[in-house]
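Shown next, in C-alpha cells, is the structure this report addresses.
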Amino acid sequence: MIRYQDEHEWPLQLAVISIAGGVLLWEMLRAFRFKNMLPTAYKVTTAQEFPVLFDAIAEVTENLKLSPIHKVYICPDATAAVFIQPYLRNLFFEPKRELVIGLGFLTQMDDEEIRAILYHEFGHYVQQEMKSSISVYVIGQFSRSFVAVKEAEKQGVWRMQIRLQLLLFTYFSMWTCNCINKAYARLAKQMEYDADDVAVNYVGVAVLQKALLHAACVRYNYEVVRWGLQQLQAQNIQVDEPYIALSLVGNYSRPMRRLLSEEVVRRVERLGMLNDSSCIGTKSIQQQAFRMFKRKAGVAQLCPARQFAEWLREGFDIYTRQRLLETSVLLEIHLDRKKHKMPYVDGFYKLLLDGKEIGAGNFIKGYTLKRKTSPGKHTLTTYAPSGLISTPLEFEVEKDGTYRIEMDYKLYVKNGYYNVYGEKCVRLDR
C-alpha cells in the first residue's frame with residue numbers, strides 16, 4: 001500500500017492504520033497462547049507420595065461426578081484452590097483442573113476439615129454459573145495479554161500515528177477488561193455461597209463452619225509465624241519444625257473477629273447458628289503432610305519449634321498491634337464526575353498506593369475509593385498500558401485519621417496522552 005499509494009490514491013494514513021491493525025491482530029493471536037506462570041513454591045505431588053490426600057480428592061471428584069484432577073501442587077502457605085490454565089481450548093472443551101493446597105492447611109486441619117475444603121473448591125465446578133465464568137476467566141487472560149502492545153520507536157508520522165492508535169486502543173482494552181471484571185465479580189460472591197452449599201450436602205453444616213473458621217485462624221497464625229521466622233532469618237536462625245510450631249501457636253492463639261476475613265465471617269453466619277462442637281476427627285492426612293516438609297540446608301543455627309512458639313507468645317501482641325496500625329488510617333481517593341469537558345469516551349486506569357493496585361479509575365464517571373493504610377509517608381500513582389502518564393503524589397498521614405485525596409487529569413493532545421495525578425491531600429476529621 002505504501003509503495004503504490006500514488007497509483008491507487010490510498011492515503012498514507014490508511015496504510016499506517018492498516019499496519020497498526022496488523023500489529024494488534026498479532027497481539028491477539030499471541031494472547032490466545034497465554035499461559036500462567038505458577039509460583040516457584042508450587043511443587044507437584046503424586047499419589048505415591050501422598051496417597052491419603054489423593055484418596056480424599058478421588059472421593060470428592062467421584063461424588064461430584066467430575067473428571068479426575070490433572071495435577072496436584074503442594075505449597076508452603078495456608079491456602080487451597082482448584083484452578084484451570086486459561087487456554088483457548090477451555091472455551092470449547094472441558095478444562096483440565098489443577099489443585100493447589102498448602103502445608104499450612106494440611107498440617108493443621110483434620111481429615112473432615114480437609115474434605116470440607118475440597119468439596120467447596122471442587123463445588124465451584126458443578127455450578128451452572130461456572131460454565132460462564134470459565135469463559136470470562138479465559139477472555140480476561142486474553143484481554144490482559146492483548147494490552148501488551150509495545151510502542152514503536154520510529155520517528156515522525158509513524159510515531160504520532162502509533163501513539164494515537166495506542167491511545168484509542170487503551171480506552172478499548174481497559175473498557176473491555178473492566179466489563180470482564182464486573183461480570184466475574186457478579187458471579188464470584190454468589191458462587192462462593194453456592195460452593196458452600198455443595199460442601200454442606202456432603203459434610204454437613206457443622207463441619208463446614210468449623211473448617212471455615214479454622215482455616216481463617218490458621219491463615220492468621222501462619223502470617224504471624226512467617227513474620228517470626230523472618231525475624232530469626234535475619235540472624236541466620238531457622239526453626240527446625242515450623243509447622244509443629246504453627247500447631248503449638250494454634251493452641252493459644254485465637255485471633256479477634258476484626259482480624260479475620262469479613263467474607264469468611266459472613267459465609268459462616270449465613271449457614272446458621274454456629275455449632276460449638278469441639279470434636280476432633282482423624283488426622284491421617286495431617287500425619288503424612290508433616291513428612292512432606294523439607295528443611296533448608298546451610299543454616300548455622302536451629303531453633304526448636306516449642307521454644308519458638310513460646311517466644312512468639314509475646315511476639316503475637318507486637319504483630320497484632322502492627323496489623324491494627326496498618327489499617328488505622330482511612331483514605332478517600334476522589335475524582336469528580338466529568339471534571340473536564342474532555343475526554344468524551346470512558347478511559348479506565350489503575351490506581352497504585354505505594355506500588356500496589358488499590359482500584360480502578362474512570363475519567364467520565366469519576367470515583368471515590370476508600371482504602372485503609374498505615375500512618376506515615378505514602379505515594380499515589382496511576383497506571384495504564386499506554387496513553388497515560390502519572391505524576392506521583394507523595395503525602396503523609398497520621399494514626400486514626402481520615403484523609404481525602406482529590407484527583408485531577410490533563411490531556412496533552414499533541415503527544416497523545418493523559419497525565420493523571422493527585423492534586424491535594426487533606427484531613428477530614430479535624
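Contact check on D110 versus K283 returns no salt bridge, with no Lys/Arg side-chain nitrogen under 4.0 Å from an Asp/Glu carboxylate oxygen. The residues E398 and R427 are annotated as salt-bridged, a charged nitrogen and a carboxylate oxygen being separated by less than 4.0 angstrom.
Side-chain atoms of I57 and V72, non-hydrogen and from C-beta on, do get closer than 4.5 Å to each other. At least one side-chain heavy atom of H378 sits less than 4.5 Å from a side-chain heavy atom of F395. Annotation: side chain of L103 is in contact with side chain of M292 (closest heavy-atom distance under 4.5 Å). Two residues are said to be in side-chain contact when any heavy atoms from C-beta on lie closer than 4.5 Å; N221 and Q108 fail this criterion. Side-chain contact between F105 and H214 is absent, with no heavy-atom pair separated by less than 4.5 Å. Using a 4.5 Å heavy-atom threshold, the side chains of Y73 and F83 count as touching. Counting heavy atoms from C-beta on, the side chains of V126 and F122 never come closer than 4.5 Å. Side-chain contact check for R97 versus Y125: some heavy-atom pair is nearer than 4.5 Å.
Rounding to the nearest 0.5 Å gives a distance of 13.0 Å between CG of L53 and CD of Q286. We find the CG-CG distance between D354 and L380 to be 9.0 Å, quoted to the nearest 0.5 Å. To the nearest 0.5 Å, atoms NE2 (H334) and CZ (R337) are separated by 12.0 Å. To the nearest 0.5 Å, the span separating CG on L212 from SG on C217 amounts to 11.0 Å. The CD atom of E112 lies 8.5 Å from the NZ atom of K210; values are rounded to the nearest 0.5 Å.
Remark: the backbone N or O of I114 is not paired with any side-chain donor or acceptor of Y119 at under 3.5 angstrom. When atom types are taken as modelled, the side chain of Y222 and the backbone of P76 share a donor-acceptor pair closer than 3.5 angstrom. Y367 contributes no side-chain N or O that, together with a main-chain N or O of I333, makes up a donor-acceptor pair within less than 3.5 Å. Panel note: side chain E121, backbone A195; no donor-acceptor pair is recorded below 3.5 Å. When atom types are taken as modelled, the side chain of Q209 and the backbone of V268 share a donor-acceptor pair closer than 3.5 angstrom. A donor-acceptor distance shorter than 3.5 angstrom exists from the side chain of R371 to the backbone of I358, with no hydrogens or angles considered.
By the 6.0 Å and 45° rule, R313 stacks over the aromatic ring of Y252.
Ring planes of W227 and W311: parallel class, angle under 30° (limits at 30 and 60°). Classification of the Y409-H340 ring pair by plane angle, with boundaries at 30° and 60°, yields perpendicular.
Residues F308 and A245 approach most closely at CD2-CB, 3.6 Å, considering heavy atoms. T379 approaches P392 most closely through the heavy-atom pair CG2-CB, 3.8 Å. Considering every non-hydrogen atom in both I405 and G422, the closest pair reads CG2-CA, 4.4 Å. Residues L118 and A56 come closest through the heavy atom pair CD1-CB, 4.0 Å. Taking each heavy atom of P242 and V225 in turn, the nearest pair found is O-CG1, 4.4 Å. Between G361 and L351, the shortest heavy-atom contact is N-CD1, 3.4 Å.
Side chain to side chain, S328 and D400 fail the donor-acceptor criterion of an N or O pair below 3.5 Å.
Paired with E423 under the rule salt bridge (charged side-chain N to carboxylate O under 4.0 Å, His left out), one option of K410, K339, R404 passes, and it is K339. For the side-chain hydrogen bond (donor to acceptor under 3.5 Å, both in side chains) with E192, the qualifying choice from R270, R266, H120 is H120, the only one to do so.
More than 12 heavy atoms of other residues, nucleotides or ligands shown are found within 6.0 angstrom of CD on E326.
For Y349 and F363, the distance between ring centers is under 6.0 angstrom.
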